[in-house]
Protein chains: 2
Amino acid sequence: MSYSGDIVKKLAEQGYRMTPQRMMIASAIEASDGHISAEEIYAQVIIKYPQVNISTVYRTLELLKQLGLVTDTDLGEGRVRYHPVGKGHHHHLVCQECGGITDLDEIVLSPLKTILLRQYGFSADLRHLAIFGRCKKCSQ
Amino acid sequence: MSYSGDIVKKLAEQGYRMTPQRMMIASAIEASDGHISAEEIYAQVIIKYPQVNISTVYRTLELLKQLGLVTDTDLGEGRVRYHPVGKGHHHHLVCQECGGITDLDEIVLSPLKTILLRQYGFSADLRHLAIFGRCKKCSQ
DNA sequence: TTCGTAATTGCAAAAGCTTGCAATAACCCG
DNA sequence: CGGGTTATTGCAAGCTTTTGCAATTACGAA
């Protein structure tokens with residue numbers, strides 16, 4: 001995987017300080033399946049670096065989000081999940097009846113993105129959306 | 001406004017018990033400008049009914065949401081805002097740079113709704129969305 | 001290598017929201 | 001109108017996330 005280490009590299013490029021906490025948080029995100037929670041990152045980092053604090057995890061995630069290196073999505077579980085941008089974009093259809101999640105290709109939302117840009121001059125961040133509703137099975 | 005009292009009426013129709021708490025919470029929502037937070041509802045109700053509890057407010061909002069009587073939207077303020085469905089649907093473009101909010105007509109999202117239904121059989125709840133991004137002014 | 005500055009962290013408290021459980025009260029029935 | 005059933009509420013604790021502040025530490029300059 002060529003994206004591994006990308007987050008650390010880009011942080012350094014932008015002049016941010018490379019602390020062990022940041023490096024371990026970044027690699028936890030990059031090593032994940034792409035939908036990792038703050039608590040899961042924390043649990044993983046604390047094994048090798050016990051003095052890390054959960055608020056550092058949240059602050060690092062906020063930073064990475066603002067730099068466009070990760071996206072965050074609330075899938076309705078009561079906690080937010082994070083995804084490294086380097087692993088590609090997609091969306092989720094979340095069924096409020098059965099809780100089932102269907103993945104959705106990025107393409108489906110590009111017409112909307114275009115309309116918002118043309119009609120409102122608004123550059124929408126549509127990189128990792130959760131759309132709630134009712135799935136096929138539960139609609140019957 | 002003919003919608004006033006609609007929430008209470010529909011709750012009664014569906015066989016839910018009409019407690020003073022529910023009635024006051026419902027009328028606070030209906031009397032609002034359409035974007036009221038749980039804490040604001042609570043503050044309003046407690047004036048006339050001091051023994052009400054904030055968790056009752058949240059539970060009532062959850063109920064109204066499930067019955068399709070209110071929609072909830074996270075405008076990125078760190079708290080959720082509620083909107084009575086009877087007051088009409090719309091969406092919001094939220095600028096992450098300046099915090100500015102532009103309203104968006106419901107129509108703009110109906111092509112997406114149609115595609116999701118046709119292509120995935122997914123009945124999306126697109127009644128009160130917040131779309132984040134960068135507004136015209138902040139994009140320059 | 002040492003030092004100074006400013007970014008970053010840890011800690012503790014707080015904000016927003018949810019939940020289990022026992023007490024309360026709305027509503028149906030006689 | 002009175003009584004029983006069960007939905008609803010209040011309370012307190014807990015979960016996720018944010019924030020202020022003082023202590024720490026990364027990094028450039030000397």
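A, B, ... follow the sequence lines: proteins, then strands. Residue 1 opens every chain.
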S.K.: Could you give the CE-to-P distance, from B:M24 to D:dT9, as a whole number of Å?
M.R.: 13 Å

S.K.: So, applying side chain to side chain contact (heavy atoms under 4.5 Å, CB included) with A:I25, which one of A:I41, A:I7, A:T19, A:V8 is it?
M.R.: A:I41

S.K.: Look at the aromatic rings of B:H128 and B:H92 and report parallel, tilted or perpendicular, splitting at 30° and 60°.
M.R.: tilted

S.K.: Identify, with sequence neighbours excluded, every residue that meets side-chain contact (heavy atoms from CB on, under 4.5 Å) alongside B:D74.
M.R.: none

S.K.: Once the angle between the rings of B:H83 and B:H35 is folded into 0 to 90°, is it parallel (under 30°), tilted (30 to 60°) or perpendicular (over 60°)?
M.R.: tilted

S.K.: Could you tell me the separation between the NZ atom of A:K136 and the CG atom of A:L93, rounded to the nearest 0.5 Å?
M.R.: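 Atom-to-atom, A:K136:NZ and A:L93:CG are 12.5 Å apart.
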
S.K.: Does B:I131 belong to the same Ile/Leu/Val/Met/Phe/Trp/Tyr cluster as B:V80, with side-chain heavy atoms less than 4.5 Å apart forming each link?
M.R.: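 No, B:I131 and B:V80 fall in different hydrophobic clusters.
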
S.K.: Counting only pairs under 3.5 Å, give me each side-chain donor-acceptor contact of residues 113-124 of chain B, with atom names and distances, residues two or more places apart or in other chains.
M.R.:
from, atom 1, to, atom 2, distance (Å)
B:K113, NZ, B:A124, O, 2.7
B:T114, OG1, B:S110, O, 2.9

S.K.: Could you state the interatomic distance from CG (A:L104) to CG (A:L129), rounded to the nearest 0.5 Å?
M.R.: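 Reported value, rounded in 0.5 Å steps: 9.0 Å.
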
S.K.: Tell me every residue that passes salt bridge (charged side-chain N to carboxylate O under 4.0 Å, His left out) with B:E97, counting only those two or more places apart in sequence or in another chain.
M.R.: B:R134

S.K.: For residues 53-81 of chain A, which residues have at least one heavy atom under 4.0 Å from DNA chain C?
M.R.: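 Contacting residues: A:N53, A:S55, A:T56, A:R59.
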
S.K.: Contact boundaries of DNA chain C with chain B (under 4.0 Å, heavy atoms), 5' to 3'?
M.R.: C:dG16 to C:dC27

S.K.: Roughly how far apart are B:M23 CE and B:T60 OG1, rounded to 0.5 Å?
M.R.: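 It is 11.5 Å, given to the nearest 0.5 Å.
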
S.K.: What are the atom names and distances for every N/O pair under 3.5 Å that joins the protein to nucleotides 26-30 of chain D?
M.R.:
from, atom 1, to, atom 2, distance (Å)
D:dA26, N3, A:R17, NH1, 3.2
D:dC27, OP1, A:M18, N, 2.9

